[in-house]
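Here is the structure we will look at.
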Amino acid sequence: MRARPMHPLEIDTTFAASWDRLVAARGLHADPFDTHAWFASTLHGHHDPLDDIRVVSVLDDADQPRALLPLERIGADRWGIFSAHRRPRSHVVVHPDEPHGADSIADALARTGIRELRLHRMPSRDPETHRLIAGLRACGYTVVAREKACDMLAGVEGGWAGHKARFRSFDRYAQRFAGRVRAHWDLTIDQIGGAGPDTASGPGPRAAPELDFEAGFAIYTDLFARSWKGPLQSAAADARRDLIARAARHDWARLYILRVDGVPAAMHLWFRLGDVATWHSTAYDERFAALGIGTVVQWQAQERVLAEPWPAGSTPRLVDLMPTRTPQKLRLAPERPALWDIEAVRERRVFARTLPARGFLRATRMSVEQHLRVRRTKTAPAEVPLVAETTIPPAINPLGESGHKLDPVHEAGAADNRPIALACGYRGTDVVDAGRARGETWWLVGEQPHTLVHLGADRTVQTIAALGTDRTGPRTRPARDAARSVATALGETLRLFSPDPAGTPGTPLRQESEPVPWPAIRTAPTRLTSKGTTR
């Protein structure tokens, strides 16, 4: 065995394949961010010189890796984990049958003359992290490890059935959301990768036919753009696409796309290496936020990941939900071992003595800077829009000014709160409930409703939503025509406020586009035709 730093250009296809097999062999410590697939896809968009990147490798007699630690230069005589800001954590990758791999890497770092080393979020649960720290200290480094974050993990026993039983309360919680969606619309799941079988049990969404990679990735990027995360930058999208394609060659990747009535609403990307199923990324169309679609896709994706025996007929023993705390993860990840930021210094005595304090000051500075950024964002003065008032009186002729019959108008009832929230872009039905308490009403225009009009208690038109326009193409009915139908049906003059640079400060009319058609199965509401006449 010998250890040496390798230039990225020295890594050929044979070495790359061995690298990926090495990571997959790590069982409960396998991580997609340690693979050559991730390294190569990230390197593709890396702007630093390749000469500032090294893969410290322990090689066998055939020059194939038995242990790895990819690094990049971050200063004079200072090195850190390769592309640390693009990954949630990092490992020293050592084959389970190589007891001295971490020691050999530490020795290679010392022989190379690296005086400072920064290792990003190393898992405390991985024995190789502790062996590397011991090896660095044996080579003369002063080492400080600080808890930076924690993994979010859940052990799996008994496959999907056992996992579902363990998280029974979350299962009921997710099924309630799914049931509310299915009460109005169809739910299906597309799967990219594998054979795409219908592995769902019970009343969950059924699996749709498998999509090809290009179509699936186009939906993936579109959902990112429609989500709270915003669009992927070009370089990030290229790296993500390359990573999924490389992982697919090993049958590591699964992309799940949840559809509501055929419209892509949410996606989950998972990787499966060794004994670990890793949730890589999620995004959902914020227009569907009121449906709890993030909860639905989370649980349905986990079901498919744990029920499908892949790769090579095996099932996961660990679910990795990635670092960062969210309410959802706190319910699904009871195991939270610490992640350590590790700093090591050699041949710099004064610096070594101040290393703990310097690390603390650096972390404090970053925390303060983040706090100030958030505070500046919250305290920035909001720009007040300028609007002009427009009045919408009832039509003189109930058949319409041009002699055409006006659209019938229905009042949406309390049973329609969820579709109303979806159409108006609310994140939940509580906004609708609060509005009803204030005397606000929602009106459906058209026998087969094509527009939703939201009226305030003062008869101001607050929102006009086109229903299902993604299916029917661009809006063909002017918003004021819908308001005129409601004004005529109620026999009252309505007001709305439109943006106008010459106007006065106010709240402008919101115009929304519902992503799916109004549900066909509804309670029978009051129907108005003109001047408040009910039918």
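If you're wondering where the values come from, they're calculated on a predicted model, not measured in any experiment.
- Side-chain contact between Arg226 and Pro515 is absent, with no heavy atoms from C-beta onward closer than 4.5 Å.
- Under a 3.5 Å cut-off, the side chain of Thr326 and the backbone N or O of Lys329 do form a donor-acceptor pair.
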Could you please spell out the steps behind the salt bridge (charged side-chain N to carboxylate O under 4.0 Å, His left out) verdict for Arg438 and Asp458? CA-CA 10 Å; Arg438 293 190 298 266; Asp458 59 354; over 6 Å; no

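- Side-chain atoms of Arg418 do not come within 3.5 Å of backbone N or O of Thr429 as any donor-acceptor pair.
- Considering only heavy atoms from C-beta on, Phe167 comes within 4.5 Å of Pro334 through its side chain.
- Of the inter-residue distances, the one linking Tyr256 atom OH with Arg304 atom CZ reads 8.0 Å to the nearest 0.5 angstrom.
- Checking side-chain atoms of Gln191 against main-chain N and O of Gly193 turns up a donor-acceptor pair under 3.5 Å.
- Between His280 and Phe271, the ring-plane angle classifies as perpendicular under the 30° and 60° cut-offs.
- Thr295 OG1 to Gln300 CD: the interatomic distance, rounded to the nearest 0.5 Å, is 11.5 Å.
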Report the C-alpha distance between Leu321 and Gln302 in whole Å, list the side-chain angles of each, state the deciding distance to 0.1 Å, and finish with yes or no for side-chain contact (heavy atoms from CB on, under 4.5 Å). CA-CA 10 Å; Leu321 298 181; Gln302 281 205 45; 4.0 Å; yes

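- Lys229 places a side-chain N or O within donor-acceptor distance of the main-chain N or O of Thr282, the cut-off being under 3.5 Å.
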Stepwise, does the ring-ring contact (aromatic ring centres under 6.0 Å, His included) test hold for Phe170 with His163? CA-CA 11 Å; Phe170 191 89; His163 194 72; 9.6 Å; no

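- For the atom pair Arg86 CZ and His120 NE2, the distance stands at 12.0 Å (nearest 0.5 Å).
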Please step through side-chain contact (heavy atoms from CB on, under 4.5 Å) for the pair Trp518 and Ile420, ending with a clear verdict. CA-CA 9 Å; Trp518 190 262; Ile420 289 171; 3.8 Å; yes

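- Put simply, OH on Tyr284 and CZ on Phe224 are 12.5 Å apart, with the number rounded to the nearest 0.5 Å.
- The two residues Ala395 and Leu406 have their closest heavy-atom pair at CB-CD1, 4.2 Å.
- In this structure the side chain of Phe177 never reaches within 4.5 angstrom of the side chain of Trp299, judged on heavy atoms.
- Ionic pairing of Arg87 and Asp34 is present here: one or more N-O contacts between side-chain nitrogen and carboxylate oxygen are shorter than 4.0 angstrom.
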Working for side-chain contact (heavy atoms from CB on, under 4.5 Å), residues Gln328 and Tyr173: CA-CA 11 Å; Gln328 199 176 70; Tyr173 175 70; over 6 Å; no

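- Here the closest heavy-atom approach between residue His91 and residue Pro123 is recorded as NE2-CG, 3.3 Å.
- Closest non-hydrogen pair, Asp261 versus Pro517, comes out as OD2-CD, 3.8 Å.
- Inter-residue side-chain proximity for Pro505 and Leu386 is flagged as met; some heavy-atom pair is nearer than 4.5 Å.
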Residues Arg272, Glu308; criterion salt bridge (charged side-chain N to carboxylate O under 4.0 Å, His left out); working and verdict: CA-CA 11 Å; Arg272 172 69 203 284; Glu308 180 188 356; over 6 Å; no

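- Listed for the Thr463 side chain is no donor-acceptor partner under 3.5 Å among the backbone atoms of His454.
- Here the side chains of Val461 and Trp443 are not in contact, with every heavy-atom distance at 4.5 Å or above.
- Checked by atom type and distance alone, the side chain of Glu514 never pairs as donor or acceptor with a backbone atom of Ala465 at under 3.5 Å.
- Between atom OG of residue Ser41 and atom CD1 of residue Ile244 there is a gap of 9.5 Å, rounded to the nearest 0.5 Å.
- Ring pair His268/Trp279 is parallel by interplanar angle, where below 30° counts as parallel and above 60° as perpendicular.
- With respect to Arg89, the salt bridge (charged side-chain N to carboxylate O under 4.0 Å, His left out) criterion is satisfied by exactly one of Asp341, Asp126, Asp31: Asp31.
- Looking at Thr188, Ile189, Ile219 one by one, the single match for side chain to side chain contact (heavy atoms under 4.5 Å, CB included) with Ile257 turns out to be Ile219.
- A side-chain donor from one of Tyr220 and Arg240 sits under 3.5 Å from a side-chain acceptor of the other.
- Side chain of Arg166 to backbone of Gly155: a donor-acceptor contact under 3.5 angstrom is found.
- In plain terms, the two heavy atoms of Trp442 and Cys424 that are nearest each other are NE1-SG, 3.9 Å.
- Closest of all the heavy-atom pairs between Ala178 and Leu187 is O-CD1, 3.9 Å.
- Here Arg336 contributes atom CZ and Leu153 contributes atom CG; the two are 10.0 Å apart, rounded to the nearest 0.5 Å.
- Residues Asp151 and Leu339 are in side-chain contact: their nearest non-hydrogen atoms beyond the backbone lie under 4.5 Å apart.
- Contact of the Pro419 side chain with the Trp185 side chain is registered, since non-hydrogen atoms from C-beta on lie closer than 4.5 Å.
- Annotation for Gly446 and Asp407: closest pair N-CB, 3.9 Å, computed over non-hydrogen atoms.
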Kindly determine whether Leu291 and Val296 satisfy side-chain contact (heavy atoms from CB on, under 4.5 Å), including the steps that lead there. CA-CA 9 Å; Leu291 303 183; Val296 177; over 6 Å; no

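- Within the 3.5 Å criterion, the main-chain N or O of Ala235 finds no donor-acceptor partner in the side chain of Asp238.
- In this structure, His184 and Leu422 have side chains that are not in contact, with every pair of non-hydrogen atoms separated by 4.5 Å or more.
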